[in-house]
Number of protein chains: 2
Amino acid sequence: MPYDPSAFPPFAVTVDLVVLTVRRHALCALAVRRGEPPFQGRWALPGGFVRADEDLAQAAARELAEETGLRAHDPSVPVQDNGAHLEQLATYGDPKRDPRMRVVSVAHLALAPDLPAPRAGGDASNARWAPVDELLQQGGYGRDGEPVAPLAFDHAQILADGVERARSKIEYSSLATAFCPTEFTVGELRRVYEAVWGVALDPRNFHRKVTGTPGFLVPTGGTTTRQGGRPAQLFRAGGATLLNPPMLRPEV
Amino acid sequence: MPYDPSAFPPFAVTVDLVVLTVRRHALCALAVRRGEPPFQGRWALPGGFVRADEDLAQAAARELAEETGLRAHDPSVPVQDNGAHLEQLATYGDPKRDPRMRVVSVAHLALAPDLPAPRAGGDASNARWAPVDELLQQGGYGRDGEPVAPLAFDHAQILADGVERARSKIEYSSLATAFCPTEFTVGELRRVYEAVWGVALDPRNFHRKVTGTPGFLVPTGGTTTRQGGRPAQLFRAGGATLLNPPMLRPEV
DNA sequence: GATCATAGTCGTCTGCTTGACGATAAACAC
DNA sequence: GTGTTTATCGTCAAGCAGACGACTATGATC
């Protein structure tokens, strides 16, 4: 294993982002349209090169800010204010994943509350929140009936891995609150779980579970009626990051 | 995000391996002694450069074979024969992690049954199985009383992350069987959990749990008495990879 | 203002899993 | 045989989850 500088092949290193949010009861991911070949005109995950003096997490946070305006949290700090949760997902390095050169991409996963509208270099038509189901279906048709092209590069795989990570992680952590605004109701949190898992949950058992787990939610004292119906208590995310026992995802 | 070939800084990409096994009731990791600067003479994780035409998983499997002679499993296939479990762990890319140049390391985690003896280029004194507690304690003294130097580079962090991954993953998957030979007893599997978690488990409850989880263990029909005491049934790992409900790690 | 629809919150009951631990079984050493 | 070790089965109580009834507090509709 000598580190002879002439003995190793050079790589380009990028970060790609799986930015997830919940909009209109659906789990959505941020997609940007590629403006140049390869895969010109196709949708892709946002990302970019890691700079020479930058850590991987810094690069991911910078890209996230550039694409969405979101600040990333320090991962060691519990979810708070309107920053996004950001964590490393996995690294993809197939020699043929980019037809032009050898690129290793360190994918990151970001979870954000519902945001107004994406901006990508100021051009709204080149960035959008798309339901992950729509982005992942291969060769199907979108909700508007137009044919859906698969994501560029290996981004479908990266997105699928990110979604799976998010689905499993909200089971045993308090990460689902990262999809919520600073103050939220139990019902809003439940709708997050329902959107991410794609299932219906019993409101009564869910309420018992989340309010009974110490440190998960702290009441702010306020109430809201923005969902209609009886006013609901408002909560903030508590300090607990791990849920024990976990939230159980219903079978199949 | 233009892909102008002159616009990105070149990186070296390596794979580093956290190879874990259980020896004499202790969780051990493979360490190799560095033969050259920086950190010459210090212990480090095995690893090496990713080749120009190689996938990351291939590079990790190649390094694993070079260091231990182990073949890696296809991760989609359940644990079987004496191959090792191999999975990607995380990627480390701090600009200063290698003092000579910009190196991004894609760390992998391997779990192996107890092996005869490590070989690193045929020189046994340059590779060893060391208890992870010993490798991770900073500036302490080893079991033989000699001072322990911390691992080279950021390998202590990588090792800690790998150990934590293994500890949590055996909770909800059948991965603990990767530490066992092809055929093993419930008691041997229990001692794996005890070594990895560093706790004592009730043999009766453990037996009930693992034999009661469908698909976890399949009896081979044979028995063995190699542990002394009453002969124990032999099992192979079953097809199940996920344990539901999980194996619970005792509180603190 | 009465009624209805909607969403939130509190309780109850039942079954399953766990943790603690008693008891028995089958080998070996002496 | 006696003691030691390890394996295996059984029992019991506590805790938690799923199913679901009941009640509350809003806004919408008649």
Side-chain angles (χ1 to χ4, degrees), chain A residues 24-25 170-172 180 183-195 197 199-236 240 242-252, chain B residues 24-25 170-172 180 183-195 197 199-236 240 242-252:
Chain A
R24 286 187 258 107
H25 291 203
I170 63 173
E171 280 191 78
Y172 58 88
C180 295
E183 294 199 343
F184 53 91
T185 69
V186 173
E188 289 165 347
L189 183 61
R190 176 169 49 82
R191 281 181 278 275
V192 164
Y193 274 91
E194 292 179 332
W197 284 345
V199 297
L201 299 175
D202 185 293
R204 298 157 291 188
N205 292 336
F206 183 88
H207 188 278
R208 178 181 60 190
K209 175 69 180 174
V210 297
T211 56
T213 300
F216 191 6
L217 302 181
V218 295
T220 65
T223 61
T224 184
T225 174
R226 61 180 166 233
Q227 298 292 334
R230 170 176 166 180
Q233 260 193 288
L234 284 169
F235 295 87
R236 283 183 298 103
L242 254 48
L243 264 39
N244 208 322
M247 187 79 115
L248 292 181
R249 175 158 32 165
E251 307 286 320
V252 188
Chain B
R24 286 187 260 108
H25 292 203
I170 65 174
E171 280 191 78
Y172 58 88
C180 294
E183 295 199 343
F184 54 89
T185 70
V186 172
E188 289 165 348
L189 183 62
R190 175 169 48 83
R191 281 180 278 275
V192 164
Y193 275 91
E194 292 179 333
W197 284 345
V199 297
L201 299 174
D202 185 292
R204 298 157 290 188
N205 291 337
F206 183 86
H207 188 278
R208 177 182 60 189
K209 175 69 179 173
V210 296
T211 58
T213 300
F216 190 7
L217 301 181
V218 295
T220 66
T223 61
T224 184
T225 173
R226 62 180 167 232
Q227 298 291 338
R230 171 176 166 180
Q233 261 191 287
L234 284 168
F235 294 87
R236 281 184 298 104
L242 254 48
L243 264 39
N244 209 318
M247 187 79 122
L248 291 181
R249 178 162 25 168
E251 307 287 320
V252 188

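Residue numbering restarts at 1 for every chain, and letters A, B, ... go by the order of the sequence lines. In this text the structure is predicted, and so the values were computed from the model without any measurement.
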Arg204(B), nearest nucleotide to its side chain (from dC9(D), dT9(C), dC16(D)): dC9(D)

Rounded distance in Å - CG (Asp202(B)) to P (dG22(C)): 11 Å

Inter-residue atom distance Arg249(A).CZ - Tyr193(A).OH, 0.5 Å rounding: 11.0 Å

Point-to-point distance, once rounded to the nearest 0.5 Å, from CZ of Arg190(A) to CZ of Phe184(A): 13.5 Å

Phosphate OP1/OP2 of dC16(D) contacted by Lys209(A) side-chain N/O (<4.0 Å): no

Shortest non-hydrogen separation from Trp197(A) to Glu171(A) and the atoms involved: CZ2-CG, 3.3 Å

Atom-to-atom span, CD of Glu171(A) to C1' of dA17(D) - whole angstrom: 14 Å

Candidate nucleotides dT9(C), dA7(C), dT11(D), ranked by approach to the side chain of Gln227(A) - the nearest: dA7(C)

Rounded distance in Å - CG (Leu243(B)) to C1' (dT17(C)): 14 Å

Length of the CG-P vector between Leu189(A) and dA7(C), whole Å: 17 Å

Where protein sits on nucleotides 25-30 of chain D, one letter per nucleotide: B base, S sugar-phosphate only, - none, heavy atoms under 4.0 Å: BB----

Interatomic distance where CG belongs to Leu201(B) and P belongs to dC21(C) [whole Å]: 15 Å

Rounded distance in Å - CE (Met247(A)) to C1' (dG18(D)): 14 Å

Residue Arg208(B), side-chain atoms from C-beta onward, closest of dA20(C), dG18(D), dC20(D): dA20(C)

Check: His25(B) main-chain N/O paired with Glu194(B) side-chain donor or acceptor under 3.5 Å: no

Protein-nucleotide distance (Tyr172(A), atom OH; dC16(D), atom C1'), rounded to Å: 21 Å

d(NE2, His25(A); P, dA7(C)) in whole Å: 9 Å

Sugar-phosphate, base or nothing in reach of Arg190(B), heavy atoms under 4.0 Å: sugar-phosphate

From Asn244(B) atom CG to Tyr172(B) atom OH, the distance as rounded to the nearest 0.5 Å: 12.0 Å

Nearest-nucleotide 5' precedence on DNA chain D, Pro245(A) against Phe235(B): Phe235(B)

Check: Lys209(A) and Thr213(A) side chains under 4.5 Å, non-hydrogen atoms: yes

Phosphate OP1/OP2 of dA7(D): any Arg191(B) side-chain N/O under 4.0 Å: yes

N or O in side chain of His207(A) less than 4.0 angstrom from dT9(C) OP1/OP2: yes

Distance-only donor-acceptor pairs under 3.5 Å for side chains of residues 229-236 of chain B, two or more places apart:
none

Per Asn205(B) side chain, nearest of listed nucleotides dG19(C), dT17(C), dA23(C): dG19(C)

